[in-house]
Number of protein chains: 2
Amino acid sequence: MNRSLEILQELKKKGYKVTRQREAIISVLGEVEHQLLTAQEIFEKILGMGSATNFSTVYRNLEMLLQEEIIRKVELNRDAAYYELNYSGDHHHHLICKKCGSIQTTSFCPLERLGDEDGFIPVEHKFEIYGYCKECVKTDSTIDRELISKSD
Amino acid sequence: MNRSLEILQELKKKGYKVTRQREAIISVLGEVEHQLLTAQEIFEKILGMGSATNFSTVYRNLEMLLQEEIIRKVELNRDAAYYELNYSGDHHHHLICKKCGSIQTTSFCPLERLGDEDGFIPVEHKFEIYGYCKECVKTDSTIDRELISKSD
DNA sequence: ATTGTTGCAAAGTTTTTGCATTCTG
DNA sequence: CAGAATGCAAAAACTTTGCAACAAT
């Protein structure tokens with residue numbers, strides 16, 4: 001059940017060295033499970049654990065973990081990218097609340113319904129939905145259910 | 001039929017001033033129609049037209065045009081954002097070729113099929129598909145049609 | 001011992017901002 | 001003429017990179 005150990009072994013098998021920094025990064029990602037974290041947040045959590053590392057190291061390792069498809073990168077906005085462990089068989093997309101910033105996931109994936117697009121072969125895709133979560137709709141009367149169009 | 005003029009009039013009506021720089025930006029976006037352009041590219045095209053402007057001006061105006069919903073911003077990757085005119089009734093998404101970089105559009109929109117997501121009210125969304133275009137599949141034998149999964 | 005990895009500092013990119021100057025209406 | 005818009009230069013934010021020092025196998 002310990003995903004972190006599995007990952008470290010997988011990396012070792014592939015010829016990567018198991019360093020304290022790598023252990024820390026993977027451990028942080030494993031602890032938060034599905035929560036999205038920025039490189040900054042990962043960095044801070046490692047320092048908080050009493051471990052030491054450096055921004056370059058975090059970025060370099062995230063890049064490596066991406067290439068090994070151990071993590072997923074989610075680019076929500078122009079600001080920092082988010083990262084999460086890539087659990088197999090757990091493909092999902094995100095619903096981001098424009099008011100409170102909360103992020104929920106949905107297993108709905110549009111790619112399955114995409115028809116033939118002139119011979120284009122899809123490999124990756126991005127589908128993120130921005131709107132208002134149930135809580136914010138309930139508490140904020142300025143969010144008018146009726147006026148909100150699904151356009152754009 | 002001249003979208004650029006319409007836009008300028010609309011802006012004037014809203015109290016914005018019609019400057020040479022604004023005319024140039026809108027003219028560039030109008031000329032390329034559905035082609036996606038970065039702020040950089042817009043800037044260069046304006047200089048190429050013999051007109052003068054400045055990066056801040058381009059960015060400030062793109063921001064304004066976005067707020068007036070005259071243009072759309074498409075954030076494909078971590079690099080520069082793309083902009084395109086927002087033709088009403090022409091909601092679409094993009095298919096981006098990972099090999100040649102070509103971008104085609106699709107009118108398929110997943111939001112229509114998204115069921116209820118625990119009371120979440122969608123307002124905006126992003127749906128971009130990365131893969132291989134017909135041409136690249138045809139000419140590049142290393143792109144194996146069968147091996148490509150729709151995962152991620 | 002070898003080679004991958006880290007830390008540091010510096011640079012790269014895209015985008016934003018403050019302020020004086022200029023221009024539109 | 002007043003207020004809006006521009007130009008310039010500088011900063012902000014995130015990410016990448018070169019290189020010497022270090023550590024895992």
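Lettering follows sequence order; numbering is per chain, from 1.
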Listed pairs under 3.5 Å, donor-acceptor, residues 10-18 of chain B side chains, sequence neighbours left out:
{"unit_1": "B/Lys14", "atom_1": "NZ", "unit_2": "B/Glu68", "atom_2": "OE1", "d": "2.7"}
{"unit_1": "B/Tyr16", "atom_1": "OH", "unit_2": "B/Glu68", "atom_2": "OE2", "d": "2.6"}

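- Taking atom OH of residue A/Tyr82 and atom C1' of nucleotide D/dC14, one finds them 13 Å apart after rounding to whole Å.
- Annotation: side chain to side chain contact (heavy atoms under 4.5 Å, CB included) contacts of A/Asp79 (sequence neighbours excluded): A/Asn77.
- Within the helix from C/dA1-D/dT25 to C/dG25-D/dC1, the inter-axis angle between the opening and closing five-pair segments is 30°, rounded to 10°.
- Among residues two or more places apart in sequence or in another chain, the side chain to side chain contact (heavy atoms under 4.5 Å, CB included) test is passed with A/Lys134 by B/Asp118.
- The salt bridge (Lys or Arg N to Asp or Glu O under 4.0 Å) check on B/Arg20 picks up nothing, with sequence neighbours excluded.
- Within the 4.5 Å cutoff, side-chain heavy atoms of A/Val123 are placed close to those of B/Tyr132.
- Chain A approaches DNA chain C within less than 4.0 angstrom (heavy atoms of the protein), and the contacting nucleotides run 5' to 3' from C/dT3 to C/dT15.
- Legend: residues meeting side-chain hydrogen bond (donor to acceptor under 3.5 Å, both in side chains) with A/Lys98, ordered by chain and number and at least two apart, are B/Glu124.
- Counting to the nearest Å, the C1' atom of D/dC8 and the CD atom of B/Gln21 are 14 Å from each other.
- With sequence neighbours excluded, the residues that form a ring pair (Phe, Tyr, Trp, His ring centres under 6.0 Å) with A/Phe43 are A/Phe55.
- Applying the side-chain hydrogen bond (donor to acceptor under 3.5 Å, both in side chains) test to B/Ser56 and every residue at least two apart in sequence or in another chain returns B/Asn54.
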* Mark up nucleotides 15-25 of chain D, 5' to 3', with B wherever a protein heavy atom is under 4.0 angstrom from a base atom, S wherever such an atom reaches only the sugar-phosphate, and - elsewhere. => BBBB-----BS
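- For B/Gln21, there are no side-chain hydrogen bond (donor to acceptor under 3.5 Å, both in side chains) partners two or more places apart in sequence or in a different chain.
- Legend: residues meeting side-chain hydrogen bond (donor to acceptor under 3.5 Å, both in side chains) with A/Lys138, ordered by chain and number and at least two apart, are A/Glu135.
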